Structure formats: structure tokens, C-alpha cells
Amino acid sequence: SPPTGFDTAAVHLSGRLPVAELELCQVQGFVGDRDQPNLCEYEGGLIYTIAAVACLYEREGGTQKFYRGHDDDITCVSVVKLGGRSKHAGETRAATGQMGADPYFLIWSVPHCLTLYKLGVGVFSRSVIGVAMSYDGRHVAGVGMEKQGDGTHVLRFETNDGSAPAQRLHEALDKLE
């Protein structure tokens, strides 16, 4: 029998989508048990990750912004302020890698939380465990933890077209013990 006070005539309403929407306002918590870097400092704040969200904590004012370009847990983060003769010199960019069935990493604009490049799709097989960018933002390295027995791969990508890896830098078939 239904619980006391339960209106069985209203059961048909439970199959409808709600009219209201949720908005992410605040992120509390931090994944601190990973070997991969998931906390970075940038001019004005901190970037840390939890699940598929990169949280940008602005020191001044104590506010948060969120980068939500991933569809699985973020496994690593790297930040660089572009320099050199780049037309984007002075801009701060982040790279975040993820785990999953088809892991990849994203390069995004920190001030705008806007995805610029999606790299490594179809290349990594288990998880991206490290990312690093050159000072001018043209070259990006991604480290992938591969399926059991396949070791670790380090790949270099060029952000000119965001397509296939430009050069395989290193391949270790067995982990060092």
C-alpha cells in the first residue's frame, strides 16, 4: 500500500520533465588522492577540478566560475600565460585531460571558459594523466595511461588545426617498478 498521505492520482506527473532548471552556483570539495596535477594557480586565482568540472576560484571577491567542457572526470590540469610573439600573448589558457572510454584533452581560454581545441580523440585508450603547453600555445604534450599492458604514451600536438598528433615523443611499453 502507498505511504500515508500519498496521492496516487498524482503518479502520472512523475513521468514529466520538471519545469525548473538547476544552475551550478558553488563547488565545494577537491579530489586530493590522485597522482596527477589537478590544482593550478593562475594570475588572480586557482583552478581545481572535481568530477567533470574545472572550478576557477577568483581570489579577489572569492567568486567561482566553471568550465564544463568535459563529459567524464577531469584527470589533470595545466595553465600557461601565453608569451612570445603569439597574437594571443598575455592570454591565460588551461589544458585539462579526462578519463573514459575515449579520453582526450581540451585547451580552453581561462578568462572566457571557452573551449579552443579538443585533442587526442581516438589516440588515448584509458586516461590522460598529464598535459603541458609551450609558452606560445602552439605545441601541447599529452600523457596517456593506456589499457593494461600498453604502458604510457607521450604525444605532441600542434594547435594549428587541432587534428591528429604531430609527433609521438615517447612510448614506454612497461611501467618502471
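What's counted below: heavy atoms across the whole structure, side chains too, no hydrogens, waters or symmetry copies. Predicted model only: the values in this text are computed from it and were never measured.
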Distance check, rounded to the nearest 0.5 Å: [X] atom [atom1] versus [Y] atom [atom2]?
| X | Y | atom1 | atom2 | answer |
| --- | --- | --- | --- | --- |
| M133 | D136 | CE | CG | 11.0 Å |
| C113 | F66 | SG | CZ | 9.5 Å |
| L119 | F105 | CG | CZ | 4.5 Å |
| R156 | R138 | CZ | CZ | 9.0 Å |

List the steps and the verdict of side-chain contact (heavy atoms from CB on, under 4.5 Å) for E41 and R59.
CA-CA 10 Å; E41 185 175 18; R59 279 193 212 91; 2.2 Å; yes
Enumerate, atom names and distances included, each donor-acceptor pair closer than 3.5 Å involving a side-chain atom of residues 43-55, sequence neighbours excluded.
unit_1, atom_1, unit_2, atom_2, d
E43, OE1, K81, NZ, 2.8
Y48, OH, V27, O, 3.3
Y48, OH, Q64, NE2, 3.0

Distance-minimising heavy-atom pair for [X] and [Y]:
| X | Y | answer |
| --- | --- | --- |
| C76 | G130 | SG-N, 3.5 Å |
| S134 | V80 | O-CG2, 4.2 Å |
| S127 | P103 | N-CG, 3.6 Å |

Pairing residues for R68 by the salt bridge (Lys or Arg N to Asp or Glu O under 4.0 Å) criterion, not counting sequence neighbours:
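Expected list: none.
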Going by heavy atoms in the side chains, are [X] and [Y] under 4.5 Å from each other?
| X | Y | value |
| --- | --- | --- |
| L116 | E91 | yes |
| T96 | W108 | yes |
| V77 | L39 | no |

Using the side-chain contact (heavy atoms from CB on, under 4.5 Å) definition, which of the options V128, I129, V131 pairs with V143?
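Filter result, single survivor: I129.
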Checking one residue: L22. Which other hydrophobic residues are in its cluster under the side-chain 4.5 Å linking rule?
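L22 clusters with nothing; isolated.
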Residues in side chain to side chain contact (heavy atoms under 4.5 Å, CB included) with [X], at least two apart?
| X | result |
| --- | --- |
| T115 | Y67, L106 |
| D72 | Q98, M99 |
| T4 | none |

Specify whether Y104 and H70 have parallel, tilted or perpendicular ring planes, treating 30° as the upper limit for parallel and 60° as the lower limit for perpendicular.
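Parallel: the ring planes of Y104 and H70 meet at under 30°.
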Path from Y117 to V110 over hydrophobic side-chain contacts below 4.5 Å
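Hydrophobic grouping puts Y117 apart from V110.
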Would the distance check show the side chain of T75 and the main-chain N or O of G97 forming a donor-acceptor pair, the cut-off being under 3.5 Å?
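Answer holds: yes.
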